[in-house]
Amino acid sequence: RDTENAPNRAERFLRACRCLPVDCTPVWIMRQAGRYLPEYRKIREKVSFLTLCKTPDLAAEVTCQPVDILGVDAAILFSDILIPLEAMGSAVDFTDAGPQFRKPVSTEADVKGLLMPDPVQTMPFVFETIRILRGMLRGKVPLIGFAGAPFTLTCYLVEGGSSTGFYNLKRLMFREPAVAHLLLDKISEEIVLYLNAQTEAGVQAVQLFDTWAGILTPQDYKEFAFPYVRRVIDGLRGDVPVILYVNGCCGLIEMMEETGADVISVDWRIGLDAVRARLKRQTALQGNLDPAALYLPEEKIGERVADVLQKASGAQGHIFNLGHGILPDTPVEHAVAMVKAVHRFSLNRDS
C-alpha cells in the first residue's frame, strides 16, 4: 500500500492532533522548507531570506517543496517568527550570523514605543501566502501556521539577536520584572492577533515556537513564559489544534500541558514514554528524533525511527517530527528515508 498517496493522508495530521485513530503515524519536519533542499537553495540564490518571506508566490512554492519531495503529511507556512516584531517597529537584519535587531529593547520607554499593528494591514504577504497555499495544496495535506511564543520573542528583542547566556534578558527579568512583564504582555497581545488572522486566512493548525524557554528554571518559566503562552492559547478563535514546542522541555512538561495546548512537541533529550507518563490528560505528542540522527546510514535511521515509534506507542495521538529543526547539511535522501520508515513501521498500527 502506498501510504503517501492514500486518501487518509489529508486527515492523518489533524486527526492525530485530536488523539483520533489514524491509518499510520503522520510526519512532518520543523524547518522542512530549508537549505538542505537543492530546490530551496536554487530560489535563495536569486532572493534574500526576507524577500522570500515577503513574496507570496515564492513563499508558497518553497512551502510546498517538501510536501512533494519528502512525502510529509503537513505543510508549514514559510515565514519567520520575527516577522511580527518587525511590524511592531523593531527593525531587524537577517545576516549570516543570524538575525540582528538594530535597537534592542532595554527600557520601559522602549517597550511603550513598540507598535500594536493590525497584522493584515502590516503583514499582508503572510496572509496572501496562506491563501495561495490553500489553493496549491488542494486539501492534499493540512497547512500549519505558526508564531514565536512571547518569551522567545522577548529573548530576541532584549538580546538583539541570538544569545548563549541571555544575560541581558535575565538582568531585565530579575532587576526590572515590571518592564519584562510589560513587554511580554504587549507581544502576547500581538501574537493573538497574528495567529487569529492566520486562522481566518486558512491555516488548519498553529504551532507556538518557544525555542528559548528551556533556558528557564521551572520557577521562572511559571512566571515569565507559562502565563503568556496560556494567554495566547486562550485568545485564539476557531477550532484549530495548537502545538507548543519548547527546546529543552524536560523540566517543563507538566506546565506545558497546563497551557491548554492540544499537542506538546518534545525535543530529543527525553523519551516520549517518559513524557506520556507525566501527563494528566490525553494530550497528543509530537517528536522527537534527534536531528543529527539523519546523518546516520539509512538503515540506522530506520532503527531510530522504530525506537521513537515504540516509545510513543500505547496511546493515540502521536505526530512524528524531529526534536528541533532539520540541519542544513542533512542529505535529502535521509530525510525521505525517515518519512518512509515512519509510514512503513506505523501502518495500521494506530488505527
Original post:
Within a strict 4.5 Å, meaning less than it, do heavy atoms of the Leu52 and Phe78 side chains meet?
Top reply: yes
Original post:
Are Leu279 and Leu272 joined in one hydrophobic group, where the rule is that I, L, V, M, F, W and Y side chains link up if heavy atoms are under 4.5 Å apart?
Top reply: yes
**OP:** List for me each residue that meets ring pair (Phe, Tyr, Trp, His ring centres under 6.0 Å) alongside His181, sequence neighbours excluded, and say none if there are none.
**Re:** Phe224, Tyr228
Original post:
Between the side chain of Arg9 and the main-chain N/O of Pro26, is any donor-acceptor distance below 3.5 Å?
Top reply: no
Subject >> Heavy-atom donor-acceptor pair, Asp262 side chain to Val242 backbone, under 3.5 Å >> reply: yes
Acceptor/donor pairs from residues 32-40 side chains to any protein atom, 3.5 angstrom cut, sequence neighbours excluded:
| unit_1 | atom_1 | unit_2 | atom_2 | d |
| --- | --- | --- | --- | --- |
| Gln32 | OE1 | Ile29 | N | 2.9 |
| Gln32 | NE2 | Ala74 | O | 2.9 |
| Tyr36 | OH | Gln32 | O | 2.6 |

Subject >> Basic-acidic side-chain contact under 4.0 Å: Glu257, Arg278 >> reply: no
Subject >> Any Leu82 side-chain heavy atom under 4.5 Å of Phe94 side chain >> reply: yes
Would you mind writing out the side-chain donor-acceptor pairs for residues 114-131 within the sub-3.5 Å range, not counting sequence neighbours?
| unit_1 | atom_1 | unit_2 | atom_2 | d |
| --- | --- | --- | --- | --- |
| Asp118 | OD1 | Val120 | N | 2.9 |
| Thr122 | OG1 | Asp118 | O | 2.9 |
| Thr129 | OG1 | Phe125 | O | 2.7 |

**OP:** State yes or no: do Val240 and Ile319 share one hydrophobic cluster built from I, L, V, M, F, W and Y residues joined by side-chain heavy-atom distances below 4.5 Å, directly or via other members?
**Re:** no
Subject >> Salt-bridge present (Asp290, Arg304; N to O < 4.0 Å) >> reply: no
Original post:
Taking His324 for the side chain and Leu289 for the main chain, is one N or O donor matched with an acceptor at less than 3.5 Å?
Top reply: no
**OP:** Apply ring pair (Phe, Tyr, Trp, His ring centres under 6.0 Å) to Tyr194 and list each qualifying residue two or more places apart in sequence or on a separate chain.
**Re:** none
Subject >> Residue pairs involving residues 321-331 (criterion salt bridge (Lys or Arg N to Asp or Glu O under 4.0 Å); sequence neighbours excluded) >> reply: none
Subject >> Donor-acceptor pair, side chain of Thr330 and main chain of Leu327, under 3.5 angstrom >> reply: yes
Original post:
Are Asp110 and Thr107 close enough, and set up right, to give a side chain to side chain donor-acceptor pair (under 3.5 Å), and what steps lead you there?
Top reply: CA-CA 5 Å; Asp110 291 337; Thr107 67; 3.2 Å; yes
Check residues 173-180 and write down every donor-acceptor pair under 3.5 Å in which the side-chain atom is one partner and the other belongs to a residue at least two apart or another chain.
none

**OP:** In plain terms, say whether Arg15 and Asp23 are close enough for a salt bridge, that is, a side-chain N and a carboxylate O under 4.0 Å apart.
**Re:** no
Original post:
Relative to each other, are the rings of Trp212 and Phe166 parallel, tilted or perpendicular (30° and 60° limits)?
Top reply: tilted
**OP:** Verify, without hydrogens or angle tests, whether Asp73 (side chain) and Phe13 (backbone) share a donor-acceptor contact under 3.5 angstrom.
**Re:** no
